[in-house]
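Single-structure report; data block below.
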Amino acid sequence: MRIGLGFDVHRLGEGDGVILGGVRITFHKKLVGHSDADALCHAIIDALLGAAALGDIGQHFPDTDPKYKGASSIELLKQVAGEVRAAGYKICNIDSVVAAEAPRLTPHRQTIQNTLAAAIGIEPSSISVKGKTAEGLGPVGTGDAICAQAIALIEEIV
Ligand code: MG
């Protein structure tokens with residue numbers, strides 16, 4: 001068994017929706033970044049890459065590469081899950097936390113878990129997404145940013 005940890009944060013700017021875990025949530029702001037700025041997908045990508053010691057998201061998808069401008073992070077996640085499998089691992093489960101003052105994640109949680117599971121190629125029961133607020137503290141608390149943490153367990157296939 002091997003374990004990996006991932007973290008990501010993106011700034012919120014003026015917009016009409018955020019993409020988290022590959023799911024678009026209508027909101028009066030958007031996440032700002034080179035790709036679609038899906039902080040949850042980015043944290044999970046780094047957790048998976050970390051578990052397999054395959055580097056990090058910046059090495060795989062550099063934000064200086066115009067190819068990844070506006071990229072769909074759920075597609076990048078699908079690609080990374082494939083790379084982890086190709087390196088000889090089974091993806092066991094993923095747990096994650098999204099910290100956001102708004103929008104509320106709860107109504108979208110099952111859709112996000114199903115979308116992530118399909119991209120990674122695991123059962124929805126093997127992925128957990130939890131929503132938190134920051135109690136009004138820091139950039140997350142003031143609604144200026146959303147951050148995500150993820151942990152992934154993989155198993156070497158012998
Ligand atoms: Mg990111």
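What you are looking at is a predicted structure, and each value in this text was computed from that prediction instead of being measured. Scope of the values below: all heavy atoms of this structure, side chains included, with no hydrogens, waters or symmetry mates. Order of appearance sets the numbers: ligands from 1, and atoms from 1 within every ligand.
- Protein N/O/S atoms found under 2.8 Å from the Mg ion (ligand 1), listed by chain and residue number: Asp8 OD2, His10 NE2, His42 ND1.
- Interatomic distance, Ile112 CD1 to Ser128 OG, rounded to the nearest 0.5 Å: 11.5 Å.
- The environment of CZ in Arg24 is crowded: more than 12 heavy-atom neighbours from other residues, nucleotides or ligands sit within 6.0 Å.
- Going from atom OG of Ser96 over to atom CD of Gln113 covers 7.5 Å, rounded to the nearest 0.5 Å.
- Taking Ala52 as the reference, Leu54, Val84, Tyr89, Ile154 meet the side chain to side chain contact (heavy atoms under 4.5 Å, CB included) condition, with sequence neighbours excluded.
- With Val18 as the partner, the side-chain contact (heavy atoms from CB on, under 4.5 Å) test is satisfied by one option alone out of Asp38, Thr26, Leu12: Leu12.
- His60 and Gln79 are not linked by any side-chain donor-acceptor pair at a separation below 3.5 angstrom, with hydrogens and angles left out of the test.
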